[in-house]
Every structure is written in structure tokens, then in C-alpha cells.
Amino acid sequence: MRSNSSRPARGSARHRMATATTAAFLGLTLALSGGQVTPAAAAESSTLTGIVLGVGANETQRTVSWYSSADTAQKVQLAPTAQLSGGAFPADSATFDALGAKNIPGSGGYNHRATLTGLKENTAYSYRVGSEGNWSPAYSFATQDFEGEYDFLFLGDPQIGSSGDLAQDQAGWQATLDVATKANPKAEILVSGGDQVEKAGNEAEWNAFLAPDQLRQYPWAATIGNHDVGSKAYDQHFATPNTDRSAALYANGNPASDTSGGNYWYIYKDVLFIDLNSNSYATSQGGGGDEAHTKYVTDVIDQHGSEAKWKVLVYHHSIYSPAAHAKDKDNKVRRVDFPTTFSKLGVDMVLQGHDHSYSRSYLIKNGQKADPKEQPGAADVYPGPGGVLYVTANSASGSKYYDITAPDSSGTSGEGNGADPLNPGSYWYNSVQNQEHVRSYVKVQVRNDKLVVENIRSGTCAAPNSQVSKGDWCKNTTAAQPVGSVVDKVSVHPYNGDGQSLQVNVPKPAPGEFGWTIDGYNGLVDLGTAKEENGDHFTASGKINPILVSDTRRSLSPWAVSADVSQFKDAQKTFAGSYLGWTPYVLDEGAGAKAGAPVPSGYDGKGEGLAVSRGLGSAPQGHARGTAKLGADLDLKIPDSVQKGGYRATLTITALSS
């Protein structure tokens, strides 16, 4: 992959002042450059589909994945949206070459993926995929601050096609994304709970899932579900960062088979996300089982846990959920295999899907309730060492809901599904359980001192709500529980050990500025009346109005101030500016200022004088911040052939900084 994203500065400010026999004034110009791409004819036209924006390894990256109908070289073109002209990308847009492969026969065509790197914060970008002469439409996304607090959205089991009504499933999925992103336009990631589609290899379902434009505007952090695993289509559609495709992380232990798998991780600001293929849980299937996952999580946290404040795991099969899958044999296995490791590693939260209902657990430590006294539905929880919050998301599309099931007598720890002593209708591990047969999504606010988790309604009993439309029950009351209302909210406060943690937010400092002004009154620099010398020329002298330079930039970048002079004119009479020379000096030291070299008058063929740009002062990279005052003695020598008159010229001052 390559990027040519560096660009020249747009131009420098030019301040003009009049000197000597000149008019005094100050001006400003700005040079803008840019161009438009002229597409070349493509060698072979290709239909481009399934474009999806994905997360990168960190906040400075994004991935892009797509399908093409023809086997042609593909790339992504990227530019700040502000640089597009009439929708055309500038000629110097960054380009990123895509990796690609032939799809499985059931998918047809070819899959491609590219990683966009070097993104800048607080920037709106436009991008398109394809090749010269055969580009997709342009799509856009925006970066925000690369440090500090942010929100992300967790979306459970769209499972498009599950209801048998593909169009309504798609409409429900679109409606949830519309509601969620309209309410949270600055959410920075969309995190998947898995089961994007009903049938892993059904491209019509994938097309319906990928139809919303939000999946090209917000990075989608894909998670593989049990309905996604049985085909290569999942792997073909999504590019994920830092992905380990070892055999142990595939359910059948065979990455080359017609199945998807692997684990991946990324850091987004203050959160380390680790995403697992929970379909691989038993060694009897051929994979490495849960032990391979716990080793993977341990290795990632050992290597990267110190780089983030929060640790969040994501996988599909919920081990603490309230509905049809709560008592599944495979989930009971995971419920024994995972929690102790997660507690020891200091995991803060686990996001799960699969059970098509909402729940958030009590704080769980080593496979049991961390604090027996924690009350159901507590608005604030304090994990203490080893406490982990587990969240299960309901359906984001309305294609399928599972009803909450009843506890049994199997126990209140480990794999047990016994009742909560404080709330006997719920499982021992769940603080909140909810199923209304309405769509919802989970909003997570990442704050310096807490994680805030909210389950929010994105629909009502009304369509699009596939399962309800087919005659199932719904107990949501629109007036009391409208779209956007909160089902549940909890704040997770970090454990700070035996001492007291101190926190201070250091804001991004102002970048500082570089500039110059004429010090004091910008009056006419009058060189007076020239004196005849040696019977063959005239001389005059004076001083420029001092130039005050100020540089407060943190970058300590170099700067330079230079000047050149126009012709001297009196009506139609002129003489060359090359006859003017100068000797620069620093009046007041600061900002690393060094005086420019003396320039003699060009009289008697001694050069071009100030008719060409000459340095007044400069400072190197790494100079101190501050202010300086620059001056120069002027030396004018004029041939005696010049006619009598009162002549003026303009000395143009130019400041350059990087």
C-alpha cells in the first residue's frame, strides 16, 4: 500500500510596505492551488458493490472493503472533503492500493480491502474505491479528537433474512441506524454483536445488511456470529486490523476451509478492544477451543493493556443472558472457561450478542457475583479488583427476538442458571433483563472516570418490526416508551487500588502563530535628497521601518523574512530597483532571529541589489519562541543619467514559515 498524502502549503501571507521614495501600505495575498482528476479509460469496467468502512488499528486509520465484478487492480482515493472541487478529487489525492482475491463461487466476483493511514484529527474526508475511469460514488467520514472522551454504539444481531421478510429486516436495520446516528452524530465507532445475516453465504442478505450508508460513514467493527461463520463471505466483506487467522482460532481448525474465523484487536483512543470468534469453543471441532481465546486475550493485554485506560472484549455468544440461549451447553462451557481469566486480566466490560434480548450483568468476578449485596438495576457500580460487566444486546433490526426464560435450580455461580436471591424472576448473574419485542441499541460513553452504558429503544411495536408484523406479541407503549427512550443505564466506575488515583486533563495547547508587523507607525521611509558623488552618480541612505516578528508555535519550525523592491517611478520616469542595497540587523533579539547578509547596490554592475528577494532575517528549526525586531540600513546609488524628479518604489516584505 502507498500514500502520497503529503501536500505543499497552500501559500504564504505577503505583507507589503512602502519604503524610501515609496508609498507606505500593508496588504495580504493568499495563493491557492489544486486540480481535478481527469479519469483515464479503465481497461475493463467493473461493478463495485458492498463498500463498507471498517476500524483500523487505531484512531488514525480506517479500513475499506468492497466487491468488484471484474478482476481489475483496485485502490482507494482519499482527500479532505474541503479540497474537493465540484465533487472532483484533487490530482494529489492520497491513494491506497487494495489487496484482493477471488470470491467463493457462491459470492461471485472479487473482494478487495485497503487500509487508510495517516488520518488527521478533526477532519472531514471523502473517499471512493475502484480504478481510473471506473470509480464508485464518493462517500465521507469525519475524524474527531485523537485523545480523550468519546461515544461508540453497540448493535446486536441484525441477522438480516431471519424473519423471512428480507425487505422488512433491512428496513428495521436501516431505521435503527438512522435513529442511533441521528441521536448520536458524533459517535465514533459502530461495534457489531455478530450475526450480520441469517445465512452465511447468502449475498442477497449481505447486500441488504450493507445497504445503509452509515456503514460507509462510521467505521464498523465486525464480530463473527454463528450465522456468519459457515462461509468465506464474512471474511470477504470485512477487513479487520491486527487479525490472527491461526488454525486454533477457527471452529474447525482449518482456515483454508469455506468458513470464517480469527481474532483481532485494536486501540481506539483510551479503549483496547479485543474481538473473538466465539464459534470456536471446543477442541473436539478441530480448533483450539476456549483455551486458545484466553491465551490470545492474555497475550494481547500483556502486550498492549498498558496503552489504554479501558479493556473491552467483544464476542457473539453471550455467557450471561436471559433468553433462549441462556442454558445452551456451549454457553455453559464458555461461562466456566472465560470469567476467571477476564477478571485476572482486569477486563472492564464484555459486549455480547446471540440471545436477541437485553441484559446487563451484575459485576462478575471469577465466575460469580463479585458483591452479593449489589442491588438489581443499580445506576452506579464499582467493580473493585476483578469485577467485570457483561452486556447482551437485543436485536437491532427486529428480525428475531427471544423471550426471557426462567431460572432453574442449577446454582448461582459457574455454569449455573439459578435464580437471583434479590430478584427471583431473573438469573443470578443479571442485574437487568429486558425484552419488549422492540428494536434497540447500546450506547457506550467512554469517559475519563467511568464507562456509561445505555440501552436505548430504536423502534416501537410498529413496523418495521418483522417478528411483530408476523403476529408476535409486543408490550411497548409508544407514549411511555418512545423511540429514543432509555431502557437501562449504568455507570461503571474504575477500581483505583489501595491508593487514590489522580487525574488531570491536559488540553491540546494552542498551536501558536507566526506573523510580523511593522513596528509602530507605518510611515513613508524618506531617503531625502540624493547627493552627487564623484560627478557620475547620486547616493541616498536611510532605514526601513522596523519589522516586529512574533513566533509562538510549539513546532519551533524555521521562519524567514525577505524583501524585494519594485522600480522607482515618477510618472513616466523610472530607474531600476537593483540600485538599492541594504545591511540587515537584529534590533531586539528573540525567536531565534539572525540577520540576513548585506546586499550591495547594483550600481556599477555589482549585481541585482534588492530587485530580487533578499533575506532580512531568519531562524532555524528548534529556535526559541518569542519576538524579535528586525531592521536594515538602506544604501541607494543612482546613475547621474537618471532624470530629476521625486521617485517612489514599493519594498515588498514576504514571510515564510513551515
Side-chain angles (χ1 to χ4, degrees), residues 9 11-31 508-528 539-566 568 577-602 607-637 648-658:
S12 59
R14 293 173 60 86
H15 300 252
R16 302 174 190 243
M17 77 170 186
T19 74
T21 351
T22 77
F25 68 96
L26 188 64
L28 179 70
T29 65
L30 180 64
K508 184 176 181 179
E513 295 181 344
F514 172 80
W516 67 271
T517 59
I518 297 172
D519 185 49
Y521 171 61
N522 183 15
L524 182 71
V525 177
D526 190 352
L527 299 181
T539 64
S541 61
K543 300 178 185 293
I544 68 169
N545 292 318
I547 305 299
L548 188 65
V549 175
S550 175
D551 192 356
T552 60
R553 297 171 298 168
R554 296 179 67 249
S555 62
L556 308 181
S557 297
W559 59 263
V561 176
S562 58
D564 60 89
V565 71
S566 67
F568 286 79
S578 60
Y579 295 141
L580 180 67
W582 71 3
T583 301
Y585 46 83
V586 177
L587 285 163
D588 293 336
E589 294 185 353
K594 304 291 183 183
V599 177
S601 165
E608 297 180 278
L610 294 182
V612 297
S613 182
R614 305 292 189 174
L616 175 63
S618 64
Q621 173 67 43
H623 64 81
R625 286 180 279 182
T627 59
K629 189 183 295 185
L630 306 177
D633 291 334
L634 299 174
D635 176 27
L636 182 63
K637 293 181 180 178
R648 289 191 175 188
T650 299
L651 186 72
T652 300
I653 306 294
T654 301
L656 300 174
S657 62
S658 58

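For reference, positions follow the sequence shown, starting with 1. What's counted below: heavy atoms across the whole structure, side chains too, no hydrogens, waters or symmetry copies.
- The shortest distance between side-chain heavy atoms of Ile518 and Ile547 falls below 4.5 Å.
- At distances below 3.5 Å, at least one donor-acceptor pair connects side-chain atoms of Ser601 with backbone N or O atoms of Tyr579.
- For the atom pair CG (Leu527) and CG (Leu580), the distance works out to 7.5 Å, reported to the nearest 0.5 Å.
- In this structure, Thr627 OG1 and Asp519 CG are separated by 10.0 Å, a value rounded to the nearest 0.5 Å.
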Open item on the list: If you apply the rule side chain to side chain contact (heavy atoms under 4.5 Å, CB included), what do you find for Asp635 with Ser541, and how did you get there?
Closed with: CA-CA 5 Å; Asp635 176 27; Ser541 61; 5.6 Å; no

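- Remark: Lys629 NZ to Leu587 CG distance equals 6.5 Å, nearest 0.5 Å.
- The minimum heavy-atom distance between Asp588 and Val586, with the atom names listed, is O-CG1, 3.4 Å.
- The backbone N or O of Gly512 lies less than 3.5 Å from no partner atom in the side chain of Arg554, so there is not a single donor-acceptor pair.
- Using a cut-off of 4.0 Å between Lys/Arg side-chain N and Asp/Glu carboxylate O, Asp633 and Lys543 are scored as salt-bridged.
- Here the side chain of Thr650 pairs no donor or acceptor atom with the backbone of Ser566 at under 3.5 angstrom.
- Pairing each heavy atom of Ala655 with each of Trp516, the nearest pair is CB-CD1, 3.3 Å.
- Note that the CG atom of Leu636 and the CH2 atom of Trp582 stand 14.0 Å from one another [nearest 0.5 Å].
- Once rounded to the nearest 0.5 Å, the distance linking CD1 of Ile653 with CG of Leu651 reads 4.5 Å.
- Within the 3.5 Å criterion, the main-chain N or O of Glu513 finds a donor-acceptor partner in the side chain of Thr552.
- Listed here is the closest heavy atom pair of Gly615 and Pro584: O-CG, 3.8 Å.
- Scanning all heavy atoms of the two residues, the minimum distance from Gly592 to Pro620 falls at O-CD, 4.0 Å.
- Scored by the side-chain contact (heavy atoms from CB on, under 4.5 Å) test, Ser557 finds Arg553, Ser555, Gln621, Ser658 as partners (sequence neighbours excluded).
- In terms of heavy atoms, Ala593 sits closest to Ala619 at N-CB, 4.3 Å.
- Rounded to the nearest 0.5 angstrom, Phe514 CZ and Ser550 OG are separated by 8.5 Å.
- In terms of heavy atoms, Leu630 sits closest to Val549 at CD1-CG2, 3.9 Å.
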